[in-house]
Engineer: 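Okay, handing you the structure first.
Atom set for the values below is all heavy atoms of this structure, side chains included, hydrogens, waters and symmetry mates excluded.
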Amino acid sequence: MPAARESLLDAAYTALARRPWSAVRMVDVAASAGVSRQTLYNEFGSKEGLARALVRREADGYLAGVERALSGPSDPRERLTATAEWMMSAARDNALVRAMLTGCWNARLPAPALTAVPSSSAVPAQRRADGPLPSPGDFVGLVRDRAVAVLGGAGPLPPPDAAELARSCELTVRLALSCVAAPPAEGGVADLVRTALPRRLTA
């Protein structure tokens with residue numbers, strides 16, 4: 001991602017932490033990033049375009065964190081536990097991630113339509129941001145399917161094992177999402193996941 005675009009997204013994210021999105025001004029975002037307002041409009045087209053790009057970047061960052069969690073410990077149960085813990089921490093620390101995972105967009109946040117919008121941007125990253133944005137259900141499927149692919153290894157598993165792995169991965173994702181909505185008490189999401197998963201998962 002070009003440096004100016006990344007700086008503008010950083011500036012928009014910082015501004016959003018300080019005030020509601022409705023009060024974030026494009027001129028202030030440009031000034032904070034050290035670029036002209038015209039550069040901002042060239043990159044994103046509009047404030048709505050900036051909002052879509054910001055949401056897309058946070059979604060990509062969240063999914064990159066899922067990838068890191070899944071590449072952790074060798075034990076599949078611990079990888080799923082690490083993934084659930086990442087989901088919880090990402091939602092706790094990032095209001096946009098929380099809104100994307102739950103579908104609950106409060107008045108402080110931008111709430112771009114999840115459907116694609118017409119795009120005439122010459123910037124490839126903006127054309128991607130103007131495409132469909134993931135819904136809460138999309139995130140469930142993306143994380144589940146990635147976990148199945150990583151934990152299933154190189155080749156397809158026989159049907160009973162494949163079905164059990166898919167169930168375990170989806171259960172982990174849905175448990176984590178329930179903990180995002182209603183944080184658990186002592187022991188947290190890790191204890192819930194470890195208790196719910198079978199003793200052995202196919203590695």
Engineer: So how far is it from Leu133 CG to Glu58 CD, rounded to the nearest 0.5 Å?
Structural biologist: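 Going from CG on Leu133 over to CD on Glu58, the span is 12.5 Å.
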Engineer: Would you please name every residue forming a side-chain hydrogen bond (donor to acceptor under 3.5 Å, both in side chains) with Ser36, sequence neighbours left out?
Structural biologist: Thr39
Engineer: With sequence neighbours left out, what residues match Glu48 under side-chain hydrogen bond (donor to acceptor under 3.5 Å, both in side chains)?
Structural biologist: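 Here no residue qualifies.
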Engineer: Looking only at heavy atoms, which two atoms of Ala69 and Trp86 are closest? And how far apart?
Structural biologist: CB-CB, 4.3 Å
Engineer: Say you draw a straight line from CZ of Arg57 to CZ of Arg128; how long is it, rounded to the nearest 0.5 Å?
Structural biologist: 13.0 Å
Engineer: Got a donor-acceptor contact below 3.5 angstrom from the Arg56 side chain to the Pro132 backbone?
Structural biologist: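 Pair found, side chain donor or acceptor close to backbone of Pro132.
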Engineer: Looking only at heavy atoms, which two atoms of Ala91 and Leu101 are closest? And how far apart?
Structural biologist: CB-CD1, 4.2 Å
Engineer: Establish whether Met100 and Leu63 are linked, either directly or via other cluster members, by ILVMFWY side-chain heavy-atom contacts under 4.5 Å.
Structural biologist: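 Same hydrophobic cluster.
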Engineer: Using side-chain heavy atoms (C-beta onward) and a distance below 4.5 Å, is Arg92 in contact with Pro183?
Structural biologist: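 They are not in contact (no side-chain heavy atoms under 4.5 Å apart), so the answer is no.
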Engineer: Just jot down the side-chain hydrogen bond (donor to acceptor under 3.5 Å, both in side chains) partners of Arg37, sequence neighbours excluded, or say none.
Structural biologist: none
Engineer: To the nearest 0.5 Å, how far apart are CG in Leu175 and CG in Leu197?
Structural biologist: 8.0 Å
Engineer: If every non-hydrogen atom of Ala53 is compared with every non-hydrogen atom of Ala129, which pair is closest and at what distance?
Structural biologist: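 For Ala53 versus Ala129, the nearest heavy atoms are CA-CB, 3.7 Å.
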Engineer: Nearest heavy-atom pair of Val148 and Ala166: which atoms, and what distance?
Structural biologist: CG2-CA, 3.8 Å
Engineer: Of all residues at least two apart in sequence or in a different chain, which pass the side chain to side chain contact (heavy atoms under 4.5 Å, CB included) check with Asp75?
Structural biologist: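 Asp75 satisfies side chain to side chain contact (heavy atoms under 4.5 Å, CB included) with Arg77, Glu78 only.
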Engineer: Is any side-chain heavy atom of Leu96 less than 4.5 Å from a side-chain heavy atom of Trp105?
Structural biologist: yes
Engineer: Are Val117 and Leu109 co-members of a hydrophobic cluster defined by side-chain heavy atoms under 4.5 Å apart?
Structural biologist: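 Unlinked, Leu109 and Val117 end up in two clusters.
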Engineer: Side chains of Leu165 and Asp161, heavy atoms from C-beta outward: is any pair under 4.5 Å?
Structural biologist: no
Engineer: Measuring from Leu8:CG to Leu54:CG, what's the distance to the nearest 0.5 Å?
Structural biologist: 11.0 Å
Engineer: Taking all heavy atoms of Ala51 and all of Pro110, pick out the closest pair and write down the distance.
Structural biologist: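 Heavy atoms only, the tightest pair is CB-CB, 3.7 Å.
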Engineer: Could you point out which residue of Val35, Leu40, Leu9 forms a side chain to side chain contact (heavy atoms under 4.5 Å, CB included) with Val29?
Structural biologist: Leu40
Engineer: Of Arg174, Glu170, Arg167, which is the lone residue that meets side chain to side chain contact (heavy atoms under 4.5 Å, CB included) with Arg144?
Structural biologist: Glu170
Engineer: For residues 14-25, please give each side-chain donor-acceptor pair under 3.5 Å, one per line with the distance, not counting sequence neighbours.
Structural biologist:
unit_1	atom_1	unit_2	atom_2	d
Thr14	OG1	Asp10	O	3.0
Arg25	NE	Asp28	OD2	2.9
Arg25	NH2	Asp28	OD1	3.1

Engineer: Could you label the plane-to-plane angle of the Tyr62 and Phe139 rings as parallel, tilted or perpendicular, counting under 30° as parallel and over 60° as perpendicular?
Structural biologist: perpendicular
Engineer: Do the side chains of Val150 and Pro76 get nearer than 4.5 Å, heavy atoms only?
Structural biologist: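 No, too far: nothing below the 4.5 Å cut-off.
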Engineer: Enter the distance from Thr83:OG1 to Met87:CE here, rounded to the nearest 0.5 Å.
Structural biologist: 8.5 Å
Engineer: Please check: side-chain N/O of Arg98 versus main-chain N/O of Val180, any donor-acceptor pairing under 3.5 Å?
Structural biologist: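 A pair under 3.5 Å: yes.
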Engineer: Residues two or more places apart in sequence or in another chain: which of them pass side-chain hydrogen bond (donor to acceptor under 3.5 Å, both in side chains) with Gln126?
Structural biologist: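 Applying side-chain hydrogen bond (donor to acceptor under 3.5 Å, both in side chains) to Gln126 gives Arg5, Asp130.
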Engineer: Given the rule in the side chain to side chain contact (heavy atoms under 4.5 Å, CB included) test, do Asn42 and Gln38 qualify, once you have shown the distances and angles that lead to the verdict?
Structural biologist: CA-CA 6 Å; Asn42 289 345; Gln38 188 59 51; 2.8 Å; yes
Engineer: Measure the spacing between CG of Leu80 and CG of Leu70 and express it to the nearest 0.5 Å.
Structural biologist: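 That separation rounds to 7.0 Å.
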Engineer: If every non-hydrogen atom of Gly131 is compared with every non-hydrogen atom of Arg52, which pair is closest and at what distance?
Structural biologist: O-NH2, 2.6 Å
